[in-house]
Asker: 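Submitted below is the structure of interest, expressed as structure tokens.
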Amino acid sequence: MVDTFSIESRLLIREFDEDRDVKVVGKLERNCEIGTKKGVSIFTNMMGDPLSRIRFYPLHVMLVAELLESKELVGVVRGCIKSMHTPSESLLKIGCILGLRVSPTHRRKGIGLKLVTSVEEWMLRNGAEYAFLATEKNNDASRNLFTNKCKYVSLSSLVIFVHPINFPAKHICKDIKIEKVNIEQAISFYRRTLRAKELYPLDMDAILKEKLSLGTWVSYYRDEGWLNLQKMIESEDLIRNEMSSSWIIFSIWNTCEAYKLQLKKSQPLRFLHATLNHARDKIFPCLRMSVSGSLCRPFGFLFLYGLHGEGENLGELMESIWRFTSRLGESLTDCRVVITELGFGDTLVNHVPQTASMSCIDDIWYTKRISSHSDEKDDELLMKRHIGNVFIDPRDF
């Protein structure tokens, strides 16, 4: 049993101080490595900026857990707040918990619980109605913390697809065209297609304009034609009447510029207790690569987001998108992996190319109402049923 009184009397939860905490937090997170029985581990190289994952959000915080007596940092958590739309056009203010870490030598003492409670309090003070987090389905320790101790409920089941950049050498089918659209066209397109999602961000334009977003493209069959992209901005009817019968829109996010992953041999083996940083926790089991000299150096990945398709012939289009993205990754320094994440209710989940080197991980999103002023309709959507088709925000990955 955790001695809560003892912990609270010996622990200070405070905001991260960029002037004095950068090196200490970096060391703490390296100690929370993910390992294997072969003694290989992976950690996130934040490239000297522990806030790089949350700077995209105007409202963000990073909290650290500090032992009062020794001044040692033993835990860290990140949080941010964003506005989300629902199919009923409700506007929700949702807090997201990211990157929970507890020092291996201080686990099972209630520190993780205290960090989660503290970041929830910060979210509530800043107007959030719900708290949100995600973790791997088989991460029993994390699920126990959030469902049993923090009273979160399951919101959605998703699958993460991971593939090394070295996609089988094959040209994109000559019958398929992948056409880039400009930002204004992309914003207009997503303004309409996002309505098919059960939960999506209000600031899609800000995401598309971020420097890490490399662009937006449409994949379609040449013989089926395509809509006039310029006129598309002016008339919603063109989306229905002039588009090809099968098409997919997608955008690409480049993590290489923000942070990277790194493999290394670790002795002794260390395991992560509870973490919510997807990129770090999900990719390592899926790499299926030898720990060569190149992979021991920091490497990045491309994340496919905003995927939305319509029509009956989506399989070849999805394969063309993976090949296109893999080729793009080959031109980027230190890029090694292509990743996407889709809800089980998304029609495209059944069209991701199933090659021998494609790996899948089940993921679960959880939510919790933290405000007493939430609407009953919102509770019905987020707290009382499972949603299957959601937008995956690249800033959270």
Side-chain angles (χ1 to χ4, degrees), residues 1-17 21 24-25 27-29 31-34 44 50 53-54 59-81 94-126 128-155 270-278 280-281 363-372 374 382-383 396:
M1 181 179 293
V2 175
D3 185 348
T4 306
F5 176 78
S6 176
I7 294 221
E8 292 188 353
S9 65
R10 295 184 291 112
L11 193 68
L12 172 66
I13 305 296
R14 62 171 175 81
E15 288 199 25
F16 170 79
D17 186 325
D21 293 335
V24 181
V25 167
K27 182 178 179 180
L28 168 65
E29 296 199 305
N31 285 336
C32 294
E33 296 162 0
I34 299 171
T44 305
R53 305 302 317 288
I54 54 177
L59 280 175
H60 64 263
V61 73
M62 183 170 176
L63 302 178
V64 296
E66 180 180 70
L67 295 180
L68 288 172
E69 184 174 348
S70 64
K71 303 300 181 182
E72 179 185 1
L73 296 191
V74 294
V76 62
V77 69
R78 298 166 177 84
C80 59
I81 295 177
I94 294 179
C96 300
I97 300 176
L98 302 164
L100 176 65
R101 305 280 186 270
V102 177
S103 169
T105 57
H106 292 84
R107 291 172 185 163
R108 300 183 182 277
K109 297 180 180 179
I111 296 173
L113 177 60
K114 183 65 176 175
L115 282 166
V116 172
T117 302
S118 298
V119 78
E120 287 176 351
E121 292 172 351
W122 172 85
M123 292 172 178
L124 186 58
R125 289 195 303 271
N126 285 277
E129 302 162 84
Y130 295 87
F132 159 90
L133 59 94
T135 188
E136 190 176 345
K137 184 177 180 179
N138 63 6
N139 189 334
D140 294 333
S142 182
R143 293 175 64 190
N144 176 64
L145 171 64
F146 292 111
T147 60
N148 295 337
K149 297 180 180 179
C150 299
K151 307 306 178 184
Y152 281 76
V153 297
S154 177
L155 173 66
R270 292 185 286 267
F271 291 94
L272 184 63
H273 170 58
T275 177
L276 303 172
N277 181 337
H278 286 194
R280 170 196 166 114
D281 300 357
D363 199 32
I364 301 180
W365 286 8
Y366 292 95
T367 189
K368 174 183 178 179
R369 181 162 58 86
I370 58 176
S371 170
S372 58
S374 302
L382 297 179
M383 305 295 294
D396 298 341

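Values in this document were obtained by computation on a predicted structure and should not be read as measured data.
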Asker: Once you round to the nearest 0.5 Å, how far does NZ of K149 lie from OG1 of T117?
Answerer: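 So the NZ of K149 and the OG1 of T117 are separated by 11.0 Å.
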Asker: Which heavy atom in M62 sits nearest to a heavy atom in P50, and how many Å separate them?
Answerer: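 So the two residues come closest at CE-CB, 3.7 Å.
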Asker: Residues two or more places apart in sequence or in another chain: which of them pass side-chain contact (heavy atoms from CB on, under 4.5 Å) with V64?
Answerer: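 Listed in chain order: R14, F16, D21, V25, L73, V76.
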Asker: Check salt bridge (Lys or Arg N to Asp or Glu O under 4.0 Å) between D17 and all other residues, then give those that pass, not counting sequence neighbours.
Answerer: R20
Asker: From F132 CZ over to I81 CD1, what is the distance, rounded to the nearest 0.5 angstrom?
Answerer: 14.0 Å
Asker: Rounded to the nearest 0.5 Å, how far apart are CH2 of W122 and CD1 of I97?
Answerer: 10.5 Å
Asker: Which pair of heavy atoms, one from S371 and one from A128, lies closest together, and at what distance?
Answerer: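 Taking every non-hydrogen atom into account, CB-O, 3.9 Å.
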Asker: Taking all heavy atoms of G79 and all of M123, pick out the closest pair and write down the distance.
Answerer: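 Result for this residue pair: CA-CE, 4.3 Å.
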Asker: Are V119 and V61 close enough that some pair of their side-chain heavy atoms sits under 4.5 Å apart?
Answerer: yes
Asker: List the residues meeting side-chain hydrogen bond (donor to acceptor under 3.5 Å, both in side chains) with N144, not counting sequence neighbours, and say none if there are none.
Answerer: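 Testing N144 for side-chain hydrogen bond (donor to acceptor under 3.5 Å, both in side chains), a comparison that skips the adjacent residues, returns N148.
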Asker: Using the test side-chain hydrogen bond (donor to acceptor under 3.5 Å, both in side chains), find all partners of S70 that sit at least two apart in sequence or belong to another chain.
Answerer: none
Asker: If you measure from CG on L133 to SG on C150, what distance do you get to the nearest 0.5 Å?
Answerer: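 The CG atom of L133 sits 8.5 Å away from the SG atom of C150.
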Asker: Can you list the residues that meet the side-chain hydrogen bond (donor to acceptor under 3.5 Å, both in side chains) rule with S103, with sequence neighbours excluded?
Answerer: T105
Asker: Which pairs pass salt bridge (Lys or Arg N to Asp or Glu O under 4.0 Å) with one or both residues in residues 139-148, sequence neighbours excluded?
Answerer: none
Asker: I need the minimum non-hydrogen distance between G112 and L100, along with the two atoms involved.
Answerer: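 For G112 and L100, the tightest heavy-atom pair comes out as O-CD1, 4.4 Å.
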Asker: Applying side-chain contact (heavy atoms from CB on, under 4.5 Å), name anything that partners T147, two or more places apart in sequence or on another chain.
Answerer: Y366
Asker: Using a 4.5 Å cut-off on heavy atoms from C-beta on, say whether the side chain of R369 contacts that of E129.
Answerer: no
Asker: Can you check whether E15 reaches L63 side chain to side chain, under 4.5 Å on heavy atoms?
Answerer: yes
Asker: Who are the side-chain contact (heavy atoms from CB on, under 4.5 Å) partners of A65, not counting sequence neighbours?
Answerer: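 A65: side-chain contact (heavy atoms from CB on, under 4.5 Å) contacts with L11, I13, V74, I111, L115.
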Asker: Looking at OG of S372 and CG of L124, how far apart are the two atoms once the value is rounded to the nearest 0.5 Å?
Answerer: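 Rounded to the nearest 0.5 Å, the OG-CG separation comes out at 8.0 Å.
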Asker: Excluding sequence neighbours, so at least two apart, what forms side-chain hydrogen bond (donor to acceptor under 3.5 Å, both in side chains) with E120?
Answerer: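 E120 satisfies side-chain hydrogen bond (donor to acceptor under 3.5 Å, both in side chains) with Y152, K368 only.
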